[in-house]
Amino acid sequence: TGDYRAAMTGGDDATLTGGDYATLTGGDDATLTGGDYATLIFLRWMGGRRRVLTAYVGEGGIEPGKRYRANDVFTAVVPA
């Protein structure tokens, strides 16, 4: 758990919660929750290379204080 402007990184199956303006990065099957204006970054190895999926709290329906994960085909961030 991190606070305002925290930068947090978790591995596979991690559960991270950050405050406003936090940057959270998680691996396969990670669950990320950010405050206002947080950045949620999901990393996964697919097809021999690292893929990055990013969502921004306050944009595209991503809400503060809600848990999110990457979908199974790693094309979108969805509620956990």
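When a residue number appears, it is its place in the shown sequence, counting from 1. The structure displayed is predicted, hence computed values, not measured ones.
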Q. Say you draw a straight line from CD1 of Ile41 to CG of Leu53; how long is it, rounded to the nearest 0.5 Å?
A. 10.0 Å
**Q.** Exercise: identify the closest heavy-atom pair between Thr33 and Leu40
**A.** C-CD2, 4.4 Å
Q. Where do Gly11 and Ala30 come nearest, in terms of heavy atoms and distance?
A. O-CB, 4.2 Å
**Q.** Check: Glu63 main-chain N/O paired with Tyr68 side-chain donor or acceptor under 3.5 Å
**A.** yes
Q.
So, taking the atom named CG in Asp36 and the one named CG in Asp20, what distance separates them when rounded to the nearest 0.5 Å?
A. 4.5 Å
(Q) Below 30° counts as parallel, above 60° as perpendicular, anything between as tilted: where do the rings of Tyr21 and Tyr4 land? (A) perpendicular
Q: Work out which heavy atom in Gly35 is nearest to a heavy atom in Val57; give both atom names and the distance.
A: O-CG1, 3.2 Å
Q. What are the two closest non-hydrogen atoms of Met8 and Gly18, and how far apart are they?
A. SD-CA, 4.1 Å
Q | Residue pair Val78 / Ala70: nearest heavy atoms and the distance that separates them | A | CG2-C, 4.5 Å
Q. Looking only at heavy atoms, what is the nearest atom pair of Thr31 and Ala80, with distance?
A. CG2-CB, 3.8 Å
(Q) Please check this pair: side chain of Asp12 against backbone of Asp28, looking for a donor-acceptor N/O pair closer than 3.5 Å. (A) yes
**Q.** Set of residues satisfying ring pair (Phe, Tyr, Trp, His ring centres under 6.0 Å) with respect to Phe74, sequence neighbours excluded
**A.** none
**Q.** Distance, nearest 0.5 Å, that separates CG of Leu16 from CZ of Arg67
**A.** 11.5 Å
Q: Can you measure from OG1 (Thr9) to CG (Leu43) and round to the nearest 0.5 angstrom?
A: 8.5 Å
